[in-house]
*Asks:* 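Before I ask anything, let me first share the structure, which is written out below as structure tokens.
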Number of protein chains: 2
Amino acid sequence: MNDAVADLERDRTRLGRSSTAERVADILRDRISEGFFTPGQRLSEESISEALGVSRNTLREAFRLLGHERLLEHRLNRGVFVRMLSAEDVADLYRVRRVIEGAAVRRALTPDQLTLIEAALADAERAAERDDWQGVGTANIRFHQALVSLNGSPRLDEAMRQLLAELRLVFAVMRNPRAFHEPFVERNRRLLELLRSGRSEEAAAYLDGYLDEAEKQLTRAYEPNG
Amino acid sequence: MNDAVADLERDRTRLGRSSTAERVADILRDRISEGFFTPGQRLSEESISEALGVSRNTLREAFRLLGHERLLEHRLNRGVFVRMLSAEDVADLYRVRRVIEGAAVRRALTPDQLTLIEAALADAERAAERDDWQGVGTANIRFHQALVSLNGSPRLDEAMRQLLAELRLVFAVMRNPRAFHEPFVERNRRLLELLRSGRSEEAAAYLDGYLDEAEKQLTRAYEPNG
DNA sequence: AACATAAGGATCGTTGAACAACTCGACAAG
DNA sequence: CTTGTCGAGTTGTTCAACGATCCTTATGTT
């Protein structure tokens, strides 16, 4: 019995997790990352609270939540807007990725720590065969999330989660997802092999170049019509 | 005219920055880090909103803000509590510090980047001469904050700010601040000299040992009566 | 005595309405 | 073309109310 019960404890976080404000935040978060709400757009308290059938107060709590995740921007007396990232923001996001992901790949790993990463990579490869580039993007994100989890730090995991959510704001305005996501599947494969064979310094160097390239592509595809 | 107006833009952030909820959050944050509210204590919506003269709704917005900073813990239908850190939390905080501060000291620096760090260190040394150990603690925090700023990343700065606020929750329950803070002034001095002479790998190694020691002391002073 | 159950009180969660404060565009005056 | 003024529309904040939930205490059962 004890094992089964212990397993249940993992679900406890999901239990406490059900205030209306949080569920509203979940909905809005999804809508933002799927591009339904586009960066720069203003979110009206009145129309959204009415549409979702919650009070303005509750909606405002949800707005605060997403504001702290940097998905929304709160301008006093003017309302909340879907965050619009500048080129400087993109640069900063990649600065942070280099620090956090770099620390992850430099660690000594046990083989079983790599299974999660392998799984995400396999998903990406399967999605690529299906020409499902949105799916590739999602799986790639999982790949990097799993990479960070090698640090074994809940706080770094959380930071990475937020960072990737912000990055999705940029992906949302990109017009050619294939050109962006496709090449990285292969690179992820190579990175994983370096990790598996324990060549961490090589892996770190490879990751740095990898992130440089991604940042450059993103900035290029982003800035001209920013 | 254009130059003078351009200068003003820097003040724009200060303009939007004053909703009641945020000011309430500022007050509560101060109260928590000064130990007026102690970890584990429940913060009643009714009594606090009454005491501060704001409505429950506004206070709840402030609670949400501090919850996201991990200073408060929100339990559904039970209220908010001042966060109580476990030994595992302390370990995680130091895990993150190793990653973020480690990345900072490994960078190549220009001498003028060190002036902020030097200033914080000088403050700590002066406070130590005055036997002002609270002051030493504050200056030490500024030292590490300045260290992280070498990364040049606003997001990492912000993450470090939050992390140190969490750590203050632990400092607040410590009974002998001198024993904890005093030895680190000297270590900070040594670390700065290593940085100044450009020996970054040596500095990184020194920092690692430094953080190990701090974590150990903190865990020891903390766990027995946790 | 140990345990399960039920009732009651306190507090939180959420709502709806109200009004003040503020933004922004339009239009008039200089 | 710039500066004042006005008004519509939106956000900021408060208040009162009620249902939902938790905690404690009292009650009853085995």
*Asks:* Between B/Arg29 and B/Glu69, does at least one N-O distance fall below 4.0 Å, as a salt bridge requires?
*Replies:*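 Answer for the salt bridge query: yes.
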
*Asks:* If only atom types and distance count, is the side chain of A/Thr58 paired as donor or acceptor with the main-chain N or O of A/Val54 below 3.5 Å?
*Replies:*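 Not a single qualifying donor-acceptor pair exists.
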
*Asks:* Answer yes or no: is there an ion pair linking B/Arg23 with B/Asp26, defined by an N-O contact shorter than 4.0 Å?
*Replies:* no

*Asks:* Would you say A/Arg42 reaches D/dT11's phosphate, i.e. side-chain N/O to OP1/OP2 under 4.0 Å?
*Replies:*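 Yes, A/Arg42 has a side-chain N/O under 4.0 Å of OP1/OP2 on D/dT11.
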
*Asks:* Measure the distance from CZ on A/Phe81 to C1' on D/dT11 and round it to the nearest whole Å.
*Replies:* 11 Å

*Asks:* Under 4.0 Å between a Lys/Arg side-chain N and an Asp/Glu carboxylate O for B/Glu158 and B/Arg155?
*Replies:* no

*Asks:* Would you call A/Arg60 and B/Glu61 a salt bridge, using N to O less than 4.0 angstrom?
*Replies:*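 Yes.
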
*Asks:* Between atom CG in A/Asn77 and atom P in D/dT11, what is the gap in whole Å?
*Replies:* 10 Å

*Asks:* Go through residues 49-59 of chain A and report each residue with a non-hydrogen atom lying under 4.0 Å from DNA chain D, sorted by number.
*Replies:*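 Close to the strand are A/Arg56, A/Asn57.
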
*Asks:* Which whole-number value in Å describes the distance from A/Glu61 CD to C/dG16 C1'?
*Replies:*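 Result: 15 Å.
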
*Asks:* Does a salt bridge link B/Arg97 with B/Glu215, judged by any charged N lying under 4.0 Å from a carboxylate O?
*Replies:*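 Salt bridge absent between B/Arg97 and B/Glu215.
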
*Asks:* If you only use heavy atoms from C-beta on, which nucleotide in D/dT11, C/dC12, D/dT13 is closest to the side chain of B/Glu45?
*Replies:*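 Nearest nucleotide to the side chain: C/dC12.
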
*Asks:* Give a yes/no on whether any side-chain N or O of A/His74 is located under 4.0 angstrom from OP1 or OP2 of D/dG12.
*Replies:*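 It does, given that an N or O in the side chain of A/His74 lies less than 4.0 Å from OP1 or OP2 of D/dG12.
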
*Asks:* Write down the distance between CG (A/Leu76) and C1' (D/dT10), rounded to a whole number of angstrom.
*Replies:*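 From A/Leu76 CG to D/dT10 C1': 12 Å.
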
*Asks:* At a heavy-atom distance below 4.0 Å, what parts of residues 64-73 of chain A sit against DNA chain C?
*Replies:*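 Here the set is empty: none.
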
*Asks:* Ion pair present between A/Asp89 and A/Arg70, side-chain N to carboxylate O less than 4.0 angstrom?
*Replies:*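 No.
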
*Asks:* Are there any protein N/O atoms within less than 3.5 Å of an N/O atom in nucleotides 7-10 of chain C, and if so, which ones and at what distance?
*Replies:*
none

*Asks:* Between A/Arg95 and A/Glu88, does any side-chain N to carboxylate O distance fall below 4.0 Å?
*Replies:*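 Salt bridge flag = yes for A/Glu88 with A/Arg95.
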
*Asks:* Figure out the CZ/C1' separation between A/Arg60 and C/dG13, and round it to whole Å.
*Replies:* 17 Å

*Asks:* Parallel under 30°, tilted from 30 to 60°, perpendicular over 60°: which one fits the rings of B/His144 and B/Tyr210?
*Replies:*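 Perpendicular.
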
*Asks:* Under a 4.0 Å N-O cut-off, is there an ion pair linking A/Asp132 with A/Arg126?
*Replies:*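 No, this pair does not count.
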
*Asks:* Should the pair B/Arg168-B/Glu34 be classified as a salt bridge under the 4.0 Å nitrogen-to-oxygen rule?
*Replies:* no

*Asks:* Tell me: CZ of A/Arg75 to P of D/dT10, nearest whole Å?
*Replies:*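 Nearest whole value for this atom pair: 17 Å.
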
*Asks:* According to a strict under-4.0 Å criterion, is B/Arg78 in side-chain N/O contact with OP1 or OP2 of D/dC23?
*Replies:* yes

*Asks:* Whole angstrom is fine here: how far is it from CD in B/Glu46 over to C1' in D/dC15?
*Replies:* 13 Å

